[in-house]
2 protein chains.
Amino acid sequence: MVRKSETSPDPIDAWARLQRASGKVLACVESRLKADGFPPLAWYDILLELRRADGKALRPVDIEKRILLAQYNVSRLIDRLVTAGYVDKRRSPEDGRGVVICLLPEGEQLLKSMWPCYREAVEAEFAADLDKEDLEALWRILGKVLP
Amino acid sequence: MVRKSETSPDPIDAWARLQRASGKVLACVESRLKADGFPPLAWYDILLELRRADGKALRPVDIEKRILLAQYNVSRLIDRLVTAGYVDKRRSPEDGRGVVICLLPEGEQLLKSMWPCYREAVEAEFAADLDKEDLEALWRILGKVLP
DNA sequence: TTTAAATAGATGCATATGCATGAAAAATCA
DNA sequence: TGATTTTTCATGCATATGCATCTATTTAAA
């Protein structure tokens with residue numbers, strides 16, 4: 001059963017294609033990062049959020065809100081980042097339950113050194129096939145889907 | 001540093017949004033399936049490919065080409081499907097190295113029973129925010145990214 | 001204030017994934 | 001043909017993930 005090209009796609013088909021395109025690009029980008037000896041993209045994402053944040057520090061609960069990761073996952077990923085020396089974990093002064101994660105210079109350095117590989121990967125695996133209008137349309141449409 | 005709304009988005013930003021939107025919808029859909037007692041989406045994907053295939057059967061290597069999964073992952077996922085009684089694994093008659101995976105009636109039944117939940121989830125988490133033109137544009141643009 | 005409920009984060013345990021590698025058959029080549 | 005390389009699939013082992021639960025602290029309620 002094949003879609004007729006004049007009809008608009010079934011929502012499920014559009015979604016399936018979104019999943020495939022997204023997954024394919026993600027896999028390729030991750031693969032390039034790993035090939036160059038870099039850690040997974042999730043590390044980059046967290047370090048980037050920290051760099052953007054006020055004082056280059058965030059609480060795990062705030063990282064969780066910005067990133068698409070479950071609480072326990074954030075908790076363990078942070079531990080790995082601490083062990084690797086990219087961030088620092090301190091008790092929160094104003095909330096005894098919580099901690100504060102601080103971006104260390106080593107973490108900023110990692111962001112910088114990953115960036116060229118990351119950028120080139122996205123250009124090659126994703127942006128190379130798209131023009132300005134495509135990127136603009138994707139940006140606009142996908143914005144409607146986000147929370 | 002915030003994008004000016006008149007300029008076109010940086011490719012990386014468009015890609016980041018693609019990842020987020022895709023991941024968010026995927027997580028929500030998986031969550032709904034699980035809440036209704038269904039297996040993960042990957043099971044559905046494989047069973048669906050089998051149903052579409054000639055004779056409702058495929059070799060693992062062909063499943064791998066249609067799905068975004070590594071070889072060892074396909075191999076083990078198939079084992080789970082066999083254990084659960086949804087598919088059948090036989091030695092390939094024409095290729096001594098290979099096996100043939102057959103969709104069983106139980107597997108077709110699972111597809112049918114998952115479909116309403118699956119469809120509703122995608123409608124609610126993804127399509128609800130989009131109109132016909134959006135879906136059409138997504139379909140067209142993302143098609144350029146795929147292999 | 002004392003008690004109850006909610007929030008922040010960590011973790012034990014089961015399951016799933018990634019990686020490297022293995023075995024076995026088929027395809028290619030000399 | 002015999003030797004080499006490729007292809008197909010499986011698996012041992014390390015790591016990562018998901019789930020449920022735990023502790024500690026804060027917030028809200030009685």
Side-chain angles (χ1 to χ4, degrees), chain A residues 23-24 26-46 49-50 53 57-84 87-102, chain B residues 23-24 26-46 49-50 53 57-84 87-102:
Chain A
K24 177 243 171 194
L26 181 62
C28 291
V29 170
E30 290 271 22
S31 159
R32 281 179 182 236
L33 286 174
K34 172 170 298 185
D36 281 18
F38 290 120
L41 211 42
W43 290 37
Y44 191 92
D45 290 337
I46 289 196
E49 292 299 337
L50 287 173
L58 283 172
R59 301 197 32 190
V61 65
D62 295 314
I63 295 177
E64 193 190 334
K65 280 172 200 153
R66 290 165 166 76
I67 302 263
L68 202 71
L69 276 177
Q71 179 270 320
Y72 50 82
N73 233 329
V74 171
S75 177
R76 291 197 257 227
L77 187 36
I78 286 171
D79 281 349
R80 280 171 234 150
L81 288 172
V82 170
T83 302
V87 304
D88 189 37
K89 186 191 330 193
R90 312 173 187 158
R91 297 199 61 78
S92 168
E94 70 261 14
D95 186 340
R97 296 166 298 183
V99 293
V100 177
I101 311 303
C102 262
Chain B
K24 177 244 171 192
L26 181 61
C28 292
V29 170
E30 290 271 22
S31 158
R32 281 179 181 236
L33 286 174
K34 172 170 299 186
D36 281 17
F38 291 120
L41 210 43
W43 290 37
Y44 190 92
D45 290 337
I46 289 196
E49 292 299 336
L50 287 173
L58 283 172
R59 302 199 28 193
V61 64
D62 294 315
I63 294 177
E64 194 191 331
K65 281 172 198 154
R66 289 166 166 76
I67 302 261
L68 204 71
L69 276 178
Q71 179 270 319
Y72 50 83
N73 235 327
V74 171
S75 177
R76 290 194 256 225
L77 187 36
I78 287 170
D79 282 348
R80 279 171 235 152
L81 288 171
V82 170
T83 301
V87 304
D88 188 38
K89 185 189 335 193
R90 310 171 188 159
R91 298 199 59 81
S92 168
E94 70 261 12
D95 185 340
R97 295 166 298 184
V99 294
V100 176
I101 310 304
C102 262

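Keep in mind it's a predicted model, so treat the numbers as computed, not measured. Numbered from 1 within each chain, the chains take letters A, B, ... in sequence-line order.
Bracketed by its first and final contacts, the part of DNA chain D lying under 4.0 Å from non-hydrogen atoms of chain B reaches from D/dT7 to D/dC19 in 5' to 3' order.
Whole-Å rounding puts the B/R59 CZ to C/dA25 C1' distance at 10 Å. In this structure, the CG atom of A/L81 is 15 Å from the P atom of C/dG9, given to the nearest Å. One can place CD of B/E94 at 17 Å from C1' of C/dA24, the figure rounded to the nearest angstrom.
Evaluation of the side chain to side chain contact (heavy atoms under 4.5 Å, CB included) rule for A/R90 yields A/D88, A/C102 as partners, not counting sequence neighbours. In terms of the side chain to side chain contact (heavy atoms under 4.5 Å, CB included) criterion, residue partners of B/S92 (sequence neighbours excluded) are, by chain and number, B/R59, B/E94, B/D95, B/V100.
Each of A/I78, A/V82, A/L58 was evaluated against A/I101; a single residue qualifies, A/I78, per the side chain to side chain contact (heavy atoms under 4.5 Å, CB included) test.
Interatomic distance, CG of A/L81 versus CD1 of A/I46, reported as 5.5 Å (0.5 Å rounding).
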Dump every N/O contact between nucleotides 4-7 of chain C and the protein below 3.5 Å, one line per pair.
residue : atom : partner : partner atom : Å
C/dT7   : O2   : A/R97   : NH1          : 2.9

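In this structure, A/K89 reaches the C/dA10 phosphate: one of its side-chain N or O atoms is under 4.0 Å from OP1 or OP2.
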Counting only pairs under 3.5 Å, give me each side-chain donor-acceptor contact of residues 61-76 of chain A, with atom names and distances, residues two or more places apart or in other chains.
residue : atom : partner : partner atom : Å
A/R66   : NH1  : A/D62   : O            : 3.3

Could you list the donor-acceptor pairs under 3.5 angstrom formed by side chains in residues 34-45 of chain A, with sequence neighbours left out?
none

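Place B/G96 and A/P60 on DNA chain C by their nearest nucleotides, and A/P60 ends up nearer the 5' end.
Contacts between residues 26-36 of chain B and DNA chain D, defined by a heavy-atom separation below 4.0 Å, involve B/K34, listed by number. For the contact set between residues 66-73 of chain A and DNA chain D, defined by any heavy atom under 4.0 Å, the members are A/Y72, A/N73.
Using a 4.0 Å heavy-atom criterion, one finds that A/V99 contacts the sugar-phosphate atoms exclusively. Counting non-hydrogen atoms under 4.0 angstrom, B/R76 reaches a base of the nucleic acid.
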